Amino acid sequence: MPLNTGRSYLAIPGPSVSPDRVLNAMHRTAPNIYEGELVEMTKTIIDDLKRVAMTAQNVAIYITNGHGAWEAANCNMFSRGDRALLAATGRFGFGWAEAARRQGIEIDIIDFGKNGPADPQRIAQALEADKAREIRAVLVTHVDTASSARNDIAAIRAAIDATGHPALLAVDAIASLGCDELRMDDWGIDVLVGASQKGLMVPPGLGFIWFSDKALELSQSADLVTPYWDWKPRGIGAEFWQYFGGTAPTHHLYGLREALTMILDEEGLENVWARHHKLASAVWAAFGAWGQGSAIALNVADTKSRGWSVTSATIPNGGAGALRAWLEAEAGVTLGIGLGMAAPHEPAYADFLRVGHMGHVNAHMVLGVLASMEAGLQALDIPHGTGALEAAARAVWK
Ligand SMILES: *Cc1c(COP(=O)(O)O)cnc(C)c1O
């Protein structure tokens, strides 16, 4: 008998669960877009977007998703034929590189595989080999949502600096912003890419780019940029419409205002990070127990290199696909598909899944997903170790 009636739960790495408060804030008539409340509110949003990325520099808001924000970042950083270096730790790194390539940027990829972080020393070696100093930027995902591997951004910055190479550091933090510890200015990030629908808890539709003063200066000569994507008027526009390249994303802004208040002024950013870490620990603990004596395994072995917002795992012999289907039909929980691990037409595609634990999530949501997964493993006779729920419970209160 299906037990899926009740509030369904999309436990995937974005779109994440939006708080009712955020949705209710969006449920209103359109405001005056020329003056008054919206204009004043947008100023506070810009200030708070800088707080959430821990920067005192610049931010631009786009009506787009993460893919659009990638292209926006690229066209402000580069001119046709420029060179860049991308450190890939999963499918999303390749996605960013592919966008850059089609925009006319010559991009070298260092592939660090799907099971761990980038090695800062190998990035440094590539920069040292660039005697002509042609590489304009190093691109890297903070947490690659496909592999759930997390990169040490501060270490990458230090390795770049040690070479004396002037390349910018550009970071995709779409999956980690508002979940994992992230400090743009302290870590020396020049360009930071984000989107609304993950840690920021707002429906898909907004992309963000934070950019350093150095990146701003270099962007003056970037010839790939077109008017809509130009970050200069968005970051430092004289008139309100320029911040959005046209009509403001009115309703999303009301939702974002509410979400930023919840993150920064009510819970507090460091508490938000700590909550994500703790809930991620519960997920890892459950998988650790399930993997005892079975082939169930987390994608990233080293705890320090796992993202706090998403967990990629394997349940072989099609177990991951079967479990996903069971959970949706029987328990009202949707888990994420495995991404970039195997092609959709390959049988191994059904061996991978991802659990999203980003944004507006608490202990009962995560423990509920894990208990539902335990039920599914039992119902489907998928071999697994015991004690997962006890381990997860311990991780939550410990
Ligand atoms: C989700 C995500 C993207 C893509 O964002 P879309 O909004 O789906 O275009 C890119 N990079 C990372 C790290 C992501 O998590």
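As the structure lists them, so they are numbered: ligands from 1, and atoms in each ligand from 1. Every value quoted in this text rests on a predicted model; they were computed, and no experiment measured them.
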Whether Lys114 and Asp144 form a salt bridge (side-chain N of Lys/Arg under 4.0 Å from carboxylate O of Asp/Glu) is what I want to check.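 Looking at Lys114 together with Asp144, the answer is no, because their closest N to O distance does not fall below 4.0 Å.
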
Salt bridge or not for Lys50 and Asp185, using N-O below 4.0 Å?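 Between Asp185 and Lys50 there is no salt bridge, as every charged N stays at least 4.0 Å from the carboxylate O atoms.
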
Identity and distance of the protein heavy atom lying nearest [atom]:
| atom | answer |
| --- | --- |
| atom 9 (O) of ligand 1 | His67 ND1, 2.5 Å |
| atom 5 (O) of ligand 1 | Gly66 CA, 3.3 Å |
| atom 2 (C) of ligand 1 | Lys198 NZ, 2.6 Å |
| atom 15 (O) of ligand 1 | Thr145 OG1, 2.3 Å |
| atom 11 (N) of ligand 1 | Asp172 OD2, 2.7 Å |

Determine whether the side chain, the backbone, both or neither of Ala175 has a heavy atom under 4.0 Å from any heavy atom of ligand 1.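 The answer is both.
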
Between Val193 and ligand 1, which part of the residue brings a heavy atom under 4.0 Å of the ligand: side chain, backbone, both or neither?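 Looking at Val193 and ligand 1, no heavy atom falls under 4.0 Å.
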
Any atoms of ligand 1 less than 4.0 Å from a non-hydrogen atom of Gln197? List them with their elements.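 Those of ligand 1 that fall under 4.0 Å from Gln197 are 6 (P), 7 (O).
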
Considering only heavy atoms of Val143, which atoms of ligand 1 have at least one such atom less than 4.0 Å away?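 Going through ligand 1 atom by atom, the ones under 4.0 Å from Val143 are 13 (C).
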
Does anything in residues 154-213 form a ring-ring contact (aromatic ring centres under 6.0 Å, His included)? List the pairs, not counting sequence neighbours.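 Every ring-ring contact (aromatic ring centres under 6.0 Å, His included) pair that includes a residue of residues 154-213, provided the two are not neighbours, is His142-Trp187, Phe208-Trp210, Phe211-Trp231.
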
Distance-only, no hydrogens or angles: does the Asn151 side chain make a donor-acceptor pair with backbone N or O of Ile153 under 3.5 Å?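 Answer holds: no.
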
Donor-acceptor pair, Arg157 side chain versus Gly188 backbone, under 3.5 Å?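 It does hold such a pair.
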
Can you see whether Arg354 engages Ser148 through a side-chain donor-acceptor pair at a distance of less than 3.5 angstrom?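 Ser148 and Arg354 do not have a side-chain donor-acceptor pair below 3.5 Å.
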
Give a yes/no verdict on whether any heavy atom in Thr64 is under 4.0 Å from an atom of ligand 1.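 No.
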
Judged by non-hydrogen atoms, does Trp70 sit under 4.0 Å from ligand 1?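 For ligand 1, residue contact (heavy atoms, under 4.0 Å) with Trp70 is present.
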
Partner of Glu37 by salt bridge (Lys or Arg N to Asp or Glu O under 4.0 Å), out of Lys43, Arg28, Arg257: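 Single pass found, and it is Arg28.
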
For residues Met262 and Pro19, determine if any side-chain heavy atom of one lies less than 4.5 Å from a side-chain heavy atom of the other.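 When only atoms from C-beta onward are counted, Pro19 and Met262 do touch, with a gap below 4.5 Å.
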
